[in-house]
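When a ligand or atom number is given, it counts from 1 through the structure's own listing order.
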Amino acid sequence: MNFLEEVILKEGQALSDKVLKVDSFLNHQVDPDVMRKVGEEFARRFKGTGITKILTIESSGIAPAVMAGLELGVKVIFARKRKSLTQNEDLLTANVYSFTKEEKNEISVSKKWLTAGENVLIIDDFLAHGEAALGLAHLVEAAGANVAGFGIVIEKSFQSGREKLLKKGYRVESLARVASLSNGSITFTRQTEE
Ligand code: 5GP
């Protein structure tokens, strides 16, 4: 079992057989020590692949993305879920449906910070049905940049996201892969054991 799985078992809560609550270290309160280790592990996995930028989405992707950016020595940009008052530049946009919130968001980044020729690592807190991930990949490709891969903190392997991304030929690196949340207990796929 890796460090992240241990934290998830200790602090996570299966709210249903589909939703995992991890608001003690990732989704509300943020644990800098856990995030530092997450950033180091993403950097270790993507070192040597020529990453020039990290893209994530507000708000829970920002902490792990910044820690990975620190380790890889690259800037981090986060897509916004709502338009900001100061965002008056040209925008790249994508539509993302959230199964957890049951709402559609138009996500956006400024063309100024995501440009052609970049090699972009996409980081997010959760991978479920892959909607957010595919929306982020769309932004990268619309900018004329390359998707180097996905760094996911927690993947719910029983949902379709991973398969969708692999089918499109993307590299997916998930630090914890949850196999099941049934009956209130959290189990992991064997691939994440160390
Ligand atoms: P997807 O687009 O892959 O269906 O869902 C990814 C997004 O939904 C993540 O960025 C995350 O914010 C949210 N999400 C999906 N499943 C869960 C879950 O089980 N727990 C939490 N806390 N967030 C989730």
Side-chain angles (χ1 to χ4, degrees), residues 4-31 34-35 38-39 42 54-69 76-82 92-109 120-142 147 149-189 192:
L4 184 61
E5 291 170 340
E6 279 177 25
V7 177
I8 293 168
L9 277 190
K10 196 162 151 238
E11 302 186 12
Q13 195 189 346
L15 285 189
S16 68
D17 59 1
K18 293 199 178 67
V19 178
L20 176 63
K21 184 171 180 173
V22 285
D23 67 348
S24 67
F25 68 93
L26 181 60
N27 288 141
H28 191 26
Q29 176 172 262
V30 173
D31 185 328
V34 174
M35 290 304 114
V38 162
F42 282 140
I54 294 174
L55 172 67
T56 187
I57 183 163
E58 65 179 355
S59 51
S60 297
I62 295 175
V66 167
M67 296 316 265
V76 177
I77 179 169
F78 62 89
R80 293 187 189 272
K81 291 178 178 161
R82 278 172 210 85
L92 295 162
T93 60
N95 283 315
V96 169
Y97 180 74
S98 164
F99 285 91
T100 29
K101 291 185 183 145
E102 293 181 347
E103 63 181 31
K104 208 167 159 180
N105 285 120
E106 186 180 68
I107 65 168
S108 60
V109 290
V120 182
L121 168 59
I122 296 173
I123 287 185
D124 204 4
D125 60 340
F126 270 88
L127 177 63
H129 295 91
E131 292 286 311
L134 288 171
L136 291 167
H138 176 81
L139 296 180
V140 172
E141 285 159 1
V147 176
F150 289 86
I152 302 295
V153 182
I154 304 173
E155 171 191 305
K156 291 186 292 179
S157 306
F158 55 87
Q159 291 174 330
S160 61
R162 180 186 186 83
E163 217 170 292
K164 282 187 201 165
L165 299 181
L166 293 180
K167 235 184 219 165
K168 287 186 172 278
Y170 296 124
R171 176 177 173 191
V172 180
E173 293 289 342
S174 304
L175 304 194
R177 299 185 60 200
V178 176
S180 166
L181 295 171
S182 296
N183 308 315
S185 84
I186 304 166
T187 58
F188 299 99
T189 66
T192 48

[X] neighbourhood, listing ligand 1 atoms whose heavy-atom distance to it stays under 4.0 Å:
X: E131; answer: 1 (P), 2 (O), 3 (O)
X: A132; answer: 2 (O)
X: K18; answer: 19 (O)
X: N27; answer: 21 (C), 22 (N)

- Query: Which option, K101, K81, K156, owns the non-hydrogen atom nearest atom 17 (C) of ligand 1?
  - Reply: K156
Can you tell me if [X] has a non-hydrogen atom under 4.0 Å from ligand 1?
X: K21; value: no
X: G130; value: yes
X: D124; value: yes

- Item | Region of I57 engaging ligand 1 - heavy atom pairs below 4.0 Å | neither
What protein heavy atom sits nearest [atom], and how far off is it?
atom: atom 9 (C) of ligand 1; answer: D125 OD1, 3.4 Å
atom: atom 8 (O) of ligand 1; answer: T100 OG1, 3.7 Å
atom: atom 15 (C) of ligand 1; answer: A128 CB, 3.7 Å
atom: atom 24 (C) of ligand 1; answer: F126 CG, 3.8 Å
atom: atom 4 (O) of ligand 1; answer: H129 N, 2.8 Å

What distance separates [X] [atom1] from [Y] [atom2], expressed to the nearest 0.5 Å?
X: D125; Y: T56; atom1: CG; atom2: OG1; value: 7.5 Å
X: E11; Y: I186; atom1: CD; atom2: CD1; value: 10.5 Å
X: L139; Y: I107; atom1: CG; atom2: CD1; value: 4.5 Å

Could you check whether any side-chain heavy atom of [X] comes within less than 4.5 Å of a side-chain heavy atom of [Y], counting everything from C-beta outward?
X: E155; Y: V172; value: yes
X: K81; Y: K101; value: yes
X: F42; Y: I54; value: no
X: V178; Y: F158; value: yes
X: L134; Y: K168; value: yes

- Task: Going by the side chain to side chain contact (heavy atoms under 4.5 Å, CB included) test, name the single residue among I57, V147, V96 that passes it with L136.
- Result: I57
- Message: If I apply the N/O under 3.5 Å rule, does L20 come out as touching ligand 1?
- Response: yes
- Task: Measure the acute angle between the ring planes of H129 and F99, then classify it against the limits of 30° and 60° as parallel, tilted or perpendicular.
- Result: tilted
